[in-house]
Amino acid sequence: MRSAVRGRSLTQTIVAALVVGSVLFMVNLYSQVRHGPFTWVLASRVALTFLVPWLNATMGIAIGLRRPALHRAAGPRPQTRTLRGVPPGPQPEPGRSPAGPVER
């Protein structure tokens with residue numbers, strides 16, 4: 001989580017919050033701010049309009065930076081040849097197809 005609120009990550013989350021928050025503000029709250037009285041309730045709604053996208057972007061970066069504990073403890077994975085992510089299965093006997101004997 002610390003890496004998500006530092007340096008470049010913080011800059012990215014702030015930009016995302018400003019862009020998304022501005023759009024949400026214009027859609028949902030602009031007319032109330034322009035025409036109505038500016039109360040503490042309205043101020044908190046405006047703050048949440050920008051805070052929620054920032055939290056969302058920050059959590060997205062934090063989850064993306066997280067490494068699973070299994071891979072850290074296990075070290076490098078063994079290299080196996082796979083076909084489209086499927087591990088190799090048992091090989092058929094010579095002269096037989098995986099579905100049965102070969103008809104000639």
Side-chain angles (χ1 to χ4, degrees):
M1 186 68 183
R2 287 184 205 131
S3 298
V5 292
R6 289 187 180 158
R8 185 171 178 208
S9 298
L10 181 62
T11 304
Q12 290 174 339
T13 59
I14 289 173
V15 169
L18 289 175
V19 171
V20 174
S22 297
V23 171
L24 291 174
F25 172 78
M26 295 302 285
V27 170
N28 296 323
L29 299 173
Y30 179 73
S31 64
Q32 291 177 12
V33 170
R34 182 175 165 104
H35 299 295
F38 194 76
T39 63
W40 286 104
V41 173
L42 186 56
S44 64
R45 289 181 67 195
V46 170
L48 285 173
T49 300
F50 290 93
L51 180 64
V52 170
W54 180 79
L55 287 172
N56 189 6
T58 301
M59 290 307 297
I61 288 179
I63 290 170
L65 291 174
R66 185 178 59 164
R67 291 181 291 181
L70 176 66
H71 297 292
R72 283 185 290 194
R77 292 184 183 175
Q79 296 295 322
T80 58
R81 297 186 117 202
T82 61
L83 177 65
R84 295 185 184 177
V86 178
Q91 298 298 319
E93 297 175 15
R96 294 179 63 99
S97 72
V102 176
E103 299 289 329
R104 293 186 189 224

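These figures come from a predicted structure and were not determined experimentally. Atom set for the values below is all heavy atoms of this structure, side chains included, hydrogens, waters and symmetry mates excluded.
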- Query: Going from CG on L10 to OG1 on T58, what distance comes out if it is rounded to the nearest 0.5 angstrom?
  - Reply: 7.5 Å
- Message: Hydrophobic cluster membership, with links at side-chain heavy-atom distances under 4.5 Å among I/L/V/M/F/W/Y: are L29 and F38 in one?
- Response: yes
- Message: Take a 6.0 Å sphere around OH of Y30 and say whether it holds more than 12 heavy atoms from other residues, nucleotides or ligands.
- Response: no
- Can you find a pair of side-chain heavy atoms, one from L48 and one from L51, that are under 4.5 Å apart? yes
- Can you list every side-chain hydrogen bond (donor to acceptor under 3.5 Å, both in side chains) pair that touches residues 37-50, not counting sequence neighbours? Q32-R45
- So how far is it from I14 CD1 to L18 CG, rounded to the nearest 0.5 Å? 7.5 Å
- Message: Which heavy atom of F50 sits nearest to which heavy atom of V46, and what is that distance?
- Response: CD1-O, 3.3 Å
- Query: Apart from V52 itself, which Ile, Leu, Val, Met, Phe, Trp or Tyr residues share its cluster (side-chain heavy atoms under 4.5 Å, direct or through members)?
  - Reply: none
- Counterpart residues, side chain to side chain contact (heavy atoms under 4.5 Å, CB included), relative to A16 (two or more places apart): A57
- With sequence neighbours left out, write down each residue that passes side-chain hydrogen bond (donor to acceptor under 3.5 Å, both in side chains) with R8, or none if nothing qualifies. none
- Applying side chain to side chain contact (heavy atoms under 4.5 Å, CB included) to V20 and not counting sequence neighbours gives L24, P53
